[in-house]
Amino acid sequence: MSPQADPAPENTAPENPAPESASSERASLESTTPDGGPATGAEPTVITVGEGRGTGGQELGYDVVIGNGLLGRLPQMIGAQAERVLVIHPRALRATGDVVREDLENAGYKAVVAEIPDAEEGKHIQVAAFCWQVLGQNDFTRSDAVVAVGGGAVTDVAGFVAATWLRGVRVVHMPTTLLAMVDAAVGGKTGINTSEGKNLVGAFHQPAAVLADLDTLLTLPRNELVAGLAEVVKCGFIADEKILEIIESSPEQAQNPHSHQLRELIERAIRVKASVVGQDPKESGLRESLNYGHTLAHAIELAERYQWRHGAAVSVGMVFAAELARSLGRLDDATADRHRSVLTSLGLPVTYRDDRWNQLLEGIRRDKKNRGDQLRFVLLAGQGQPATVEIPDASILFATYQEIAESDEGTTVSL
Ligand SMILES: NC(=O)c1ccc[n+]([C@@H]2O[C@H](COP(=O)([O-])OP(=O)(O)OC[C@H]3O[C@@H](n4cnc5c(N)ncnc54)[C@H](O)[C@@H]3O)[C@@H](O)[C@H]2O)c1
Ligand SMILES: O=C(O)C(=O)C[C@@H](O)[C@H](O)[C@H](O)COP(=O)(O)O
Ligand SMILES: [Zn+2]
């Protein structure tokens, strides 16, 4: 992957997978009901993350707006101080990116587009460098802004670009996957991968606003929607049991982008995330709970060269964490078993191949929660009771791996 050096006339970083058809994607911008008619649509929901004012008097909070047909609201979220806006999107979302650019142009902004490689390919230092080049060549100043249109990979890298350009410019996230809506776009964690691991370089940089247009979920492949549900389930186990109950009462409706159940799940998960990051934006303690399941998950993603969906890896990671907590005598059997049942009901994986332990342990040792040689995991002491726990001896991790290891490779499949 080597992004194109000359950004004009259209800034495209090469080596993307084939784009989606523009027609199917444009359809995602039109509000529809389950039977295809125009959406009457519930009112948008606004969840504010953080509040109060900083020492310079600046507003600290920002809004996450959730609803249908929201793309047109973008200009008002960017603010009048910006003249130029960089829209960063993957090639697969070119049609949506075009609509966003046109809206911004019509609202009087100079809109520049940077098209980046899809998914984890986009979370690369060369992609960030390509975006910095586009910003530089178009004279972006501190009052200008970046807009991310895409899944979590795009919000992560675009957020990182915004955090680092001139040491920080405004970024507005327009998440187009379930996972990005409920998790990646909210809370200001930005980052890119290195050869050694996932998200090893990054910065905390809160967005100015998040626009979660539920219509974009209509074109999302089912496996991507299900992957996003893993982070929703995470919020269920660490904080909001009602999330688990909604899924248990109808795993099918939880996966239906038209259902009121999915909308409720989205709003509940965002409220969990907003509450945690509002209290601990830079992960000095409480925020580590949002990393539940992620220690093993990131190791799996690296071992799989990012061919597993992040949410699928988080699913296995949560089962591993539940088994670890059970073997340490911290977690009751019912809550541990509930992990497998809820995740399986959604078609998420709960096992991993049995021949990768050394590689996984290497990844686990690079986890950001560790302190020196001390391995630390987020574990539950019960439903809704996460805590970060020091692991006394890595041998317990290997023993726990046996609980999720699957010798028949054919049954250990990602989404
Ligand atoms: N910063 C955070 O707090 C945070 C939280 C969770 C996850 N993440 C990161 O997010 C990433 C995963 O995000 P993701 O699951 O959204 O994956 P992704 O960004 O890789 O997107 C998944 C796929 O869906 C496609 N897509 C996106 N929107 C679409 C739409 N509306 N219709 C059709 N296709 C669409 C994309 O092109 C891509 O191929 C990981 O890198 C993970 O580390 C970050
Ligand atoms: O917001 C957080 O904090 C999280 O940990 C949310 C996670 O779902 C997300 O995958 C995050 O990117 C992981 O962060 P990292 O610090 O482990 O890289
Ligand atoms: Zn995650």
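Just follow the structure's listing: the first ligand is 1, and inside any ligand the first atom is 1.
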Can you tell which of [options] gets a heavy atom nearest to [atom]?
atom: atom 18 (P) of ligand 1; options: Glu224, Lys123, Arg309, Glu120; result: Arg309
atom: atom 8 (O) of ligand 2; options: Asp183, Leu179, Leu200; result: Asp183
atom: atom 7 (C) of ligand 1; options: Asn291, Leu179, Asp183, Thr177; result: Leu179
atom: atom 13 (C) of ligand 2; options: Asn193, Thr155, Asn291, Val378; result: Asn291

Taking only heavy atoms of [X] into account, list the atoms of ligand 1 that are under 4.0 Å away from them.
X: Ala119; answer: 20 (O)
X: Lys273; answer: 3 (O)
X: Thr219; answer: 30 (C), 31 (N), 32 (N), 33 (C)
X: Ala153; answer: 10 (O), 11 (C), 13 (O), 19 (O), 20 (O)
X: Ala92; answer: 37 (O)
X: Gly151; answer: 16 (O), 19 (O)

Quick one: does [X]'s side chain get under 4.5 Å of [Y]'s, heavy atoms only?
X: Arg91; Y: Asp118; value: no
X: Arg353; Y: Glu304; value: yes
X: Tyr401; Y: Arg356; value: yes
X: Arg330; Y: Gln385; value: no

Measure the distances from the heavy atoms of [X] to every atom of ligand 1 and state whether one is below 4.0 angstrom.
X: His298; result: no
X: Met181; result: no
X: Glu301; result: no

Which ligand 2 atoms are under 4.0 Å away from a heavy-atom of [X]?
X: Arg287; value: 1 (O), 2 (C), 3 (O)
X: Glu283; value: 3 (O)
X: His310; value: 10 (O)

With heavy atoms and a 4.0 Å threshold, my read on which part of His298 contacts ligand 2 is side chain
Logged contact type for Leu290 with ligand 2, heavy-atom cut-off 4.0 Å, is both
| request: Examine ligand 2 and decide if any of its atoms is less than 4.0 Å from a heavy atom belonging to Lys198. | output: no
Query raised in the report: Measuring from the heavy atoms of Lys234, does anything fall under 4.0 Å of ligand 2?
Result: yes
Please list the nearest protein heavy atom to [atom] with its residue and the distance rounded to 0.1 Å.
atom: atom 11 (C) of ligand 2; result: Lys189 CD, 4.1 Å
atom: atom 9 (C) of ligand 2; result: His294 NE2, 3.7 Å
atom: atom 18 (O) of ligand 2; result: Lys368 NZ, 2.7 Å
atom: atom 12 (O) of ligand 2; result: Asn199 ND2, 3.4 Å

Would you tell me whether [X] and [Y] have side-chain atoms, one donor and one acceptor, within less than 3.5 Å of each other?
X: Thr295; Y: Lys369; value: yes
X: Asp156; Y: Thr190; value: no
X: Ser143; Y: Arg84; value: no
X: Asp213; Y: Thr216; value: no
X: Tyr352; Y: Glu406; value: no
X: Ser327; Y: Glu323; value: no

The side-chain hydrogen bond (donor to acceptor under 3.5 Å, both in side chains) partners of Lys189 (sequence neighbours excluded) come to Glu283
* To do: Report the relative orientation of the aromatic rings in Phe320 and Phe377; use parallel for angles under 30°, tilted for 30 to 60°, perpendicular for over 60°.
  => tilted
Shortest non-hydrogen pair, Val233 vs Ile247, comes out as CG2-CD1, 3.7 Å
Give yes if a backbone or side-chain nitrogen or oxygen of [X] is under 3.5 Å from a nitrogen or oxygen of ligand 1, and no if not.
X: Thr176; value: yes
X: Val154; value: no
X: Gly150; value: no

Residue pairs passing the ring-ring contact (aromatic ring centres under 6.0 Å, His included) test with at least one member in residues 269-301, sequence neighbours excluded, are Tyr292-His339, His294-His298, His294-His310, His298-His310
Can you tell me which portion of [X] lies within the under-4.0 Å heavy-atom range of ligand 1? Options are side chain, backbone, both, or neither.
X: Leu220; answer: both
X: Leu217; answer: neither
X: Asp156; answer: side chain

If you count every protein N, O or S atom closer than 2.8 Å to the Zn ion (ligand 3), you should arrive at 3
* Show your working on salt bridge (charged side-chain N to carboxylate O under 4.0 Å, His left out) between Arg101 and Glu105 and close with a plain yes or no. => CA-CA 6 Å; Arg101 180 180 51 182; Glu105 295 276 357; 5.6 Å; no
Discussion item. Check this for me, if you would: do Glu120 and Arg309 make a salt bridge, where the nitrogen-to-carboxylate-oxygen distance has to be below 4.0 angstrom?
Written reply: no
Report task. Applying salt bridge (charged side-chain N to carboxylate O under 4.0 Å, His left out), run through Arg271 and Asp240 and close with a yes or a no. Result -> CA-CA 9 Å; Arg271 283 186 205 285; Asp240 180 2; over 6 Å; no
Report task. Could you tell me whether some N/O pair between Lys273 and ligand 2 is separated by less than 3.5 angstrom? Result -> yes
query = After noting the C-alpha distance and the side-chain angles of Lys234 and Glu231, does the key distance pass the salt bridge (charged side-chain N to carboxylate O under 4.0 Å, His left out) rule?
reply = CA-CA 5 Å; Lys234 175 190 79 180; Glu231 301 277 21; 2.9 Å; yes
Test side chain to side chain contact (heavy atoms under 4.5 Å, CB included), reference Val316, set Leu343, Ile404, Thr351, output is Ile404
Exercise for the section: Using the side chain to side chain donor-acceptor pair (under 3.5 Å) rule, take Glu288 and Asn291 through it: C-alpha gap first, then chi angles, then the decisive distance, then the call. Expected result: CA-CA 5 Å; Glu288 288 184 333; Asn291 223 252; over 6 Å; no
Residue pairs meeting side chain to side chain donor-acceptor pair (under 3.5 Å), one or both in residues 158-174, sequence neighbours left out, come to Trp132-Thr164
